[in-house]
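Take a look at the structure set out below.
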Protein chains: 2
Amino acid sequence: MMSKATSFDIAFRAGVSQSTVSRALRNSPLVNEETRLKVQAIAHELNYKVDKNASSLRTQQSDTIALLLFEDPTNDDSLINPFFLSMLGSITRACAQKGYDLLVSFQQLSDDWHADFEDSKKADGLILLGYGDFVDYQDTLTKLSEQHTHFVRWGADVADEKIVSVGCDNLHGGYQMTEHLIKKGRKNVAFLGDASTHAPEFLERYNGYCNALTDHKLSVLSELQVDAISIEESGYQAACQLIEKNLSFDAIFGASDLIAIGAMRALQEHGIKVPEQVAVVGFDDIAVASYTIPALTTAKQDTTLAGEVLVDNLIALIHGENPTTTLMPTKLMVRNSCGS
Amino acid sequence: MMSKATSFDIAFRAGVSQSTVSRALRNSPLVNEETRLKVQAIAHELNYKVDKNASSLRTQQSDTIALLLFEDPTNDDSLINPFFLSMLGSITRACAQKGYDLLVSFQQLSDDWHADFEDSKKADGLILLGYGDFVDYQDTLTKLSEQHTHFVRWGADVADEKIVSVGCDNLHGGYQMTEHLIKKGRKNVAFLGDASTHAPEFLERYNGYCNALTDHKLSVLSELQVDAISIEESGYQAACQLIEKNLSFDAIFGASDLIAIGAMRALQEHGIKVPEQVAVVGFDDIAVASYTIPALTTAKQDTTLAGEVLVDNLIALIHGENPTTTLMPTKLMVRNSCGS
DNA sequence: CTGAAAGCGCTTACAG
DNA sequence: CTGAAAGCGCTTACAG
């Protein structure tokens with residue numbers, strides 16, 4: 001077994017210089033059609049592939065994007081939020097389509113971020129995706145920004161011009177879901193999910209919820225908001241609290257599908273019928289949402305589009321352009337968890 | 001803004017040669033403690049990161065693994081099998097723990113594989129993960145093997161010594177699930193899933209199913225096996241076929257959880273009670289399996305362990321060792337879909 | 001259209 | 001323990 005072919009081997013066989021080989025393989029217009037074809041044929045024959053380390057070193061670009069998925073360290077290892085997993089899928093595809101490779105890395109928010117993919121020249125830019133306490137997270141964003149790292153993030157707008165975000169219109173989405181419940185005749189809608197600056201996306205959804213209640217002349221009852229993070233167990237716990245406090249409510253708005261699904265489980269275990277006694281809506285439209293019984297009415301975040309926009313914006317940044325923060329609409333997916 | 005620091009900048013500031021800087025940063029024992037500390041302090045101060053392109057080019061290794069996730073091209077873009085997604089999670093973690101970066105790429109089986117990560121020196125080896133028609137797939141495996149590419153794959157053993165696989169004991173898992181149904185008093189167990197060489201893992205599960213039936217003096221009825229691929233809709237369709245043919249059955253073994261979940265939906269839509277009239281089991285133990293109502297009894301494939309073994313075996317291969325194909329046990333997860 | 005040459009930023013054998 | 005030098009395999013300005 002011989003070692004891998006280099007451009008010199010091809011040059012030798014083709015009877016041209018190595019520079020010409022390099023040009024031919026990159027389809028440079030500077031090279032004669034015939035020469036190019038001959039070189040490419042030989043390259044193919046030898047199963048030659050350009051050494052990316054050498055070419056990246058020379059050109060100072062890697063054509064690679066790094067995806068940093070960070071999670072709340074309290075989470076179980078195996079419990080990756082399916083919403084982000086689906087985002088990962090669409091980002092992978094979007095990268096492939098644009099000719100970029102994708103490095104994936106899971107971060108624990110507690111650690112120092114392993115965010116040096118760009119510094120080490122392994123990637124031309126970063127996509128940040130995740131959940132967890134936003135307050136901790138913001139410092140890191142600022143630091144990255146100061147180091148002139150190219151990055152875009154998924155999430156609520158952070159009111160910093162230098163930081164490019166892509167996110168859903170959580171305020172309107174929250175409004176939309178709450179209004180749907182109200183139109184179904186529900187008057188006492190509980191909100192399950194954190195509603196603080198630590199979780200800005202949930203907070204926006206909560207604000208939308210409050211606006212919808214107010215617009216429909218319903219009062220916002222603080223005891224109907226129970227904190228929960230985006231895992232099923234947490235939604236379950238929050239709903240149990242609600243039930244055990246003997247509060248009166250006829251609908252639950254889970255700040256994410258996982259929360260809503262946990263809440264449904266709690267309701268069912270307590271013999272409370274969904275949707276007859278309590279209607280439930282979620283947020284995200286993860287795949288599971290259509291498999292639950294009843295199937296969950298929710299606000300769809302278009303992960304395919306989101307992945308594309310994240311990648312497009314990052315590539316624009318890398319090219320020195322100035323993409324702006326993007327807000328995407330959510331879509332009401334009506335299923336069976338609110339009655340017919 | 002000045003350009004990125006190189007090892008020469010550090011050498012200049014530290015008053016040593018660039019070679020010494022390189023040694024100091026790699027913690028070479030050849031360098032004086034004091035010198036090393038000084039160099040490292042300056043590196044830190046300048047936020048210096050070793051250029052991976054340069055070092056990989058020089059050392060001829062990238063400390064990167066590429067994960068190729070291939071899918072059946074008939075699948076909807078957004079429908080990535082959650083089982084593989086969870087595997088992806090554990091592989092990511094296992095890589096990080098071993099000091100490898102991870103490149104992720106989705107392949108369409110129809111295309112030529114973009115499997116040149118190793119040839120282009122972007123990765124030291126490949127992990128293959130996926131589903132789809134195995135017959136098409138096998139040619140590619142052989143080709144990779146002939147090119148001396150370092151790779152390991154998830155799946156049933158392929159009886160080729162040169163190809164290292166990691167997979168679950170599908171034969172025993174299939175036996176286990178079927179026996180569980182039989183012990184619950186079920187006599188007419190249907191199997192939903194392909195049972196051909198095109199889907200070797202399903203085939204093994206089917207063989208386990210047949211063995212269990214035979215061992216318990218039940219006959220294998222070919223009309224109770226209906227083809228299905230691992231998506232919910234396909235399981236739904238298969239169960240509908242079964243129902244509409246008016247066949248008598250009191251249990252369904254879905255070759256994967258997604259199939260089983262689709263089957264449960266079909267049963268429920270036809271007013272057939274699970275588990276009272278028909279018990280259902282799946283295979284995989286994806287997260288959704290515990291959220292369905294009733295929660296799905298299934299065979300757990302330990303994705304965390306699987307990810308670690310895949311990564312360990314691949315690293316062994318890269319180091320020139322000879323890891324062997326590994327068969328992992330499945331675990332019966334009893335939930336509510338088979339009655340109490 | 002083509003070739004000779006410089007240089008990307010490291011690592012490491014060699015010499016001291 | 002340290003330094004000068006070679007070389008990993010490309011890309012591209014420069015000269016023709």
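Labels below follow one simple rule: chain letters A, B, ... track the order of the sequence lines, proteins then strands, and each chain is numbered from 1.
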Can you see whether A/S62 engages A/S56 through a side-chain donor-acceptor pair at a distance of less than 3.5 angstrom? no
Got A/L126 and A/R153 here, is their nearest side-chain heavy-atom distance under 4.5 Å? no
Look at A/S56 and C/dC8 and indicate whether a side-chain polar atom (N or O) is within less than 4.0 Å of OP1 or OP2. no
Tell me the interatomic distance from B/N27, atom CG, to D/dC1, atom P, rounded to whole angstroms. 14 Å
Taking every heavy atom of B/A24 against every heavy atom of B/Q40, the minimum-distance pair comes out as O-NE2, 3.1 Å
Has B/E321 got more than 12 heavy atoms of other residues, nucleotides or ligands less than 6.0 Å from its CD? yes
So if I define the base as every atom that isn't primed, P, OP1 or OP2, how would nucleotides 9-16 of chain C read as a B/S/- string at a heavy-atom cutoff under 4.0 Å? BBBBB---
Would you please say whether a donor-acceptor pair under 3.5 Å links the side chains of B/Q61 and B/D63? yes
Between A/F84 and A/G130, what is the shortest heavy-atom contact and its length? CZ-O, 3.5 Å
Please report the closest heavy-atom contact between A/Y48 and A/D51, naming both atoms and the distance. OH-N, 4.5 Å
Taking C/dT12 as the reference, what is the distance to C/dG16 when you measure between their C1' atoms (whole Å, please)? 16 Å
So do B/L141 and B/D160 actually touch side chain to side chain, heavy atoms under 4.5 Å? no
Runs of at least three Watson-Crick or G-U pairs with DNA chain D, cut-off 3.5 Å: C:1-3 with D:14-16, C:5-12 with D:5-12, C:14-16 with D:1-3
Just the rounded figure in Å: distance from C1' of C/dC1 to CG of A/N32. 7 Å
